[in-house]
Amino acid sequence: MLFIRNNIWLAFYVFLLAGFASFIFILTKTHESIRQDVQLEQENLTRITSNSVEASLRQYETLLDILGQELLHEAKFLDRDKAIQEIDKLLNASHTTHNLFLIDLDGNIVATNSLSQDKRESSLNLLQNPKAKESFSLTLDSNAAVIGRTYFSYWESALIIPIRKTIRNRDGQPLFVVSLTINIEKGLPFFSKNVEHSADYSVFIYRERDRYFQVAPKRLINDPAVYEHQFSEERIQESIDYVEKAYNTSFEVIKDKQIITTHVTGKFNDDSQSMMSNFYIKEFQLWVGIERDTQVIRKKFFQVAANLSLVFFFAYAVIFWLFRVISNNEKKKEELLTYRATHDFLTNLPNRYFLDNYFSKLEEQDSYHLLFVDMDNFKSANDNFGHDYGDQVLIEITRRLKLSIQKSECLIARYSGDEFVVAAFNLSSFEAERLAQTILEEISKPYLMSGNRLSISASIGISHCPTDASSFEEVKRLSDFALYEAKQNKNCYAIFHEELKKRYLDDQSLENKLRDAIKNDEISVVFQPQISSAGVLSGFESLVRWYSEELGSIPPNRFIPIAEYSGLMPELGRHIIRKSLDEASKVAPDSFSLSINVSIKQFFSDGFVEYFLQQANQSKIAKSRLKIEITESLFIQDLDYVLGMINQFKAEGISVSLDDFGTGYSSLSLLKDLPIDELKIDKSFVDDIVEDKDARLLLQGIINIAHKMGITIIAEGVETQEQKQILDGLGCEVFQGYYFYKPMPINDVIKEFN
Ligand code: C2E
Ligand code: CA
Ligand code: CA
């Protein structure tokens, strides 16, 4: 079934071929059956006609017998007048229109019916007439009636068949001959009744003995010349051979048993083919034949064939139509499937698969800008209002993207969750930038749906083919990299340039080196002391360091993002946890806290909580002294999930510190929902605090709220005494910064604090 569905037209042609084969078969059978019908009909007619000819001839013979007896009686045959009288009497009684003759043994006509007396050529002598001579002699020798050759009689002006009989005395001595001349036209009325009127049959009678026509076929019947023509012996022999073979019996048997034979042969005196049936009248040694043009079979056959063809044609028209309906359905289904496979279900935009496929077919010289459009904070749509709302927002984003492109020749695709790709063809870089700006403006307009209001923004990375790269794969990578750049600031676009490429390649090489760095133990940690307002050591923050033989010191701000981007962060993170706990435990225990930075990528990696707790349990440092430093970007993710993990730490007595507070989307409302123990005021805030009164006021507010919730405040990046004093005044409890200590290796810590 599946095969047929896939090869629907092949199936149709096979079907058509099979149909055509059976059609031909049916036609062949039909032709044969028509031929048989025609043959049967013709043979029946042959039988009727032959019987009728035979009966007539017998009747004529009887007439001759009667005349003979009458003329014998009282030897009337010797008296011409009496003979005429007898003849007339007999003709009257038998209602025959033919002529009767009394002929003496020398061939002289003695008497005939009175009506024809004067027309008669009395001089005719049958023994001297070349045509009559043979049959008359035969008559004299025979006891039976003998049929003479057909001839044209001038005085009757008609074709005549004579039938003669010799009358003998008791001793068998011939006395005279009686003769009857049959006018073909009038004397063989059975022809006209039965056969001659039915248009395409032709009856003929010919003589076995000397192969002359007795009655020629219809089209030649009135041509006297035909009756002078003897059939060629060869042609007759040919027919005999053929019939003997076809009927599988000898010609003698066919004649003796009077079997009707039929065969197809060329017509006499004509090129066309005919079907000929023959019957042998033994008694008179005559063949009765009926021939019919084979065209009849063809005509009948073509009639049936035409009807059959019509039926066949209509049947196939219907079947063709059906197949077309099926094929169209299949095609539609296939198109739908292809559409589904290449389009996003939600937004109906082409998907990533479509995009890859589309660009793999483009010519290399095609010019297009590829814009990677990534939502900055789309997660909040799903988290705050549910996934249905998120879906609505995506549809709305799609609408706005379409709106933004206006008349430019663009292809918009949904690349992944909240990432869209706009391929803009034949734009100048200025136009491409304007397009990006329009998209940013459109996307950042508020989303007012189902009574909710949401603001989101997008970042866009742009690169150009063929300026930046010639393959789609490469262009995609460069756009993605520009996007990465744009993401640093968000709600902006970045255009790929060589500088980026350089950084990109640097990042690539750095990434490779970082891989080896972990293995080669080039990664270490340092500790920065945290001091209480009373000037006592409160704890340490461990900070990662990478010293490469080749590159020297690489700052964490450079390699941490690379580790996150490349998937190395979980491994690096485990390394940092292990090292921090290990080294910090060399300092006298229980007198300080230890803060370990945890990246978001690390936080969400598999088995993170388990690993941390396992290491913490093995460490000499009490868990109640451990802190994890997280950033608020963590809470843009699935909040319930994050809270679940945080609570696992808290349940073990590990504290949570919110790092870099005052940079991101920091909102005070967040504090209420989060189970944090410590708030870490970012260095940027601390930097402003001396100059900026507003910053001081804001900070005062934050600290007050935090204190109400039992959250400790720590300020980082404290570089001056002035900063320390102001923060102290605002209620800040712990300080970290170069004013006190720089981050230091564990050996320095030991020297300083043990
Ligand atoms: P952070 O977590 O905010 O770390 C504080 C950064 O401020 C450290 O830089 C520290 O050396 C620097 N700092 C401390 N006091 C002062 C000061 O008075 N003045 C100035 N100008 N800087 C000060 P560092 O070690 O270069 O680390 C930079 C960032 O790299 C960190 O910011 C943190 O985001 C990340 N990082 C460092 N170590 C780790 C780590 O072990 N794990 C993770 N996930 N991230 C780390
Ligand atoms: Ca930190
Ligand atoms: Ca920080």
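FYI, the numbering just counts along the sequence from 1. The structure displayed is predicted, hence computed values, not measured ones. First listed ligand is number 1; within each ligand, the first listed atom is number 1.
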Exercise for review: Could you name the option among I523, N597, I630, V525 that has the heavy atom nearest to atom 42 (N) of ligand 1?
Suggested key: N597

Check your understanding: Taking all atoms of both residues into account, what is the closest heavy-atom pair of S533 and K724, and its distance?
Key -> O-NZ, 3.5 Å

Exercise for review: With heavy atoms of S599 as the reference, note each atom of ligand 1 found under 4.0 Å away.
Suggested key: 44 (N)

Review point. Should the proximity of D682 to ligand 1, defined as any heavy atom under 4.0 Å, be assigned to the side chain, the backbone, both, or neither?
Key: neither

Review point. Do we see a donor-acceptor contact under 3.5 Å between the side chains of H707 and E733?
Key: yes

Exercise for review: Output the list of atoms in ligand 1 that are nearer than 4.0 Å to some heavy atom of E541, sorted by atom number.
Suggested key: 2 (O), 4 (O)

Review point. Are the side chain of R400 and the backbone N or O of E442 linked by a donor-acceptor pair below 3.5 Å?
Key: yes

Practice item. Report yes or no: do S657 and E678 form a side-chain donor-acceptor pair below 3.5 Å? Key: yes

Exercise for review: State the atoms of ligand 1, each with its element, that fall below the 4.0 Å cut-off from a heavy-atom position in K683.
Suggested key: 19 (N), 20 (C), 21 (N)

Practice item. Determine, step by step, whether D688 and R696 satisfy the salt bridge (Lys or Arg N to Asp or Glu O under 4.0 Å) criterion, reporting the C-alpha distance in whole Å, the side-chain angles of both residues, the deciding distance to 0.1 Å, and the verdict. Key: CA-CA 8 Å; D688 291 346; R696 272 204 301 274; over 6 Å; no

Check your understanding: So how far is it from N489 CG to S457 OG, rounded to the nearest 0.5 Å?
Key -> 11.5 Å

Check your understanding: Considering only heavy atoms, which of Q528, Q736, E716 lies nearest to atom 15 (N) of ligand 1?
Key -> Q528

Review point. Would you say D480 and L483 make side-chain contact, with heavy atoms under 4.5 Å?
Key: yes

Review point. Of all N, O or S atoms in D659, which has the smallest distance to the Ca ion (ligand 2)?
Key: OD2

Point to revise | Considering only N, O or S atoms of E541, the one closest to the Ca ion (ligand 2) | key: OE2

Point to revise | Derivation of the ring pair (Phe, Tyr, Trp, His ring centres under 6.0 Å) call for F592 and F540 | key: CA-CA 7 Å; F592 60 88; F540 300 98; 5.1 Å; yes

Check your understanding: Got a sec: is D660 within less than 3.0 Å of the Ca ion (ligand 2) via an N/O/S atom?
Key -> no

Review point. Under 6.0 Å between the ring centres of F481 and F496?
Key: no

Review point. Can you find a side-chain donor-acceptor pair between D376 and S459 that sits under 3.5 Å?
Key: yes

Review point. Quick one: do the Q508 and N512 side chains pair a donor with an acceptor below 3.5 Å?
Key: no

**Study point:** Short N or O distance, V544 and ligand 1, threshold 3.5 Å exclusive
**Key:** yes

Review point. Non-hydrogen atoms of K680 versus ligand 1: any pair closer than 4.0 Å?
Key: no

Check your understanding: Against heavy atoms of D660, which atoms of ligand 1 measure under 4.0 Å?
Key -> 3 (O)

**Study point:** Atoms in ligand 1 flagged as close to P743, the criterion being non-hydrogen separation under 4.0 Å
**Key:** 11 (O)

Practice item. Could you tell me the separation between the CD1 atom of I462 and the CD1 atom of I495, rounded to the nearest 0.5 Å? Key: 4.5 Å

Study note, to complete from the structure: Row for the Ca ion (ligand 2): angle OE1 (E629) to OD1 (N597), 10° precision, value 80°

Practice item. Would you check whether D659 has a nitrogen or oxygen atom less than 3.5 angstrom from a nitrogen or oxygen atom of ligand 1? Key: yes

Check your understanding: In this structure, are over 12 heavy atoms from other groups packed under 6.0 Å from K742 atom NZ?
Key -> no

Revision key, fill the gap. Candidates S542, G737, P556; heavy atom nearest atom 26 (O) of ligand 1 found on P556

Practice item. Report yes or no: does a heavy atom of P555 sit under 4.0 Å from some atom of ligand 1? Key: no

Point to revise | Of the listed options W546, Y738, F559, closest to atom 12 (C) of ligand 1 (non-hydrogen atoms) | key: Y738

Check your understanding: Does any N/O atom on E719 come nearer than 3.5 Å to any N/O atom on ligand 1?
Key -> yes

**Study point:** Heavy-atom nearest option to atom 41 (O) of ligand 1, drawn from V598, I576, I560
**Key:** I576

Exercise for review: Look at ligand 1 and say whether R545 reaches it with a heavy atom at a distance under 4.0 Å.
Suggested key: yes

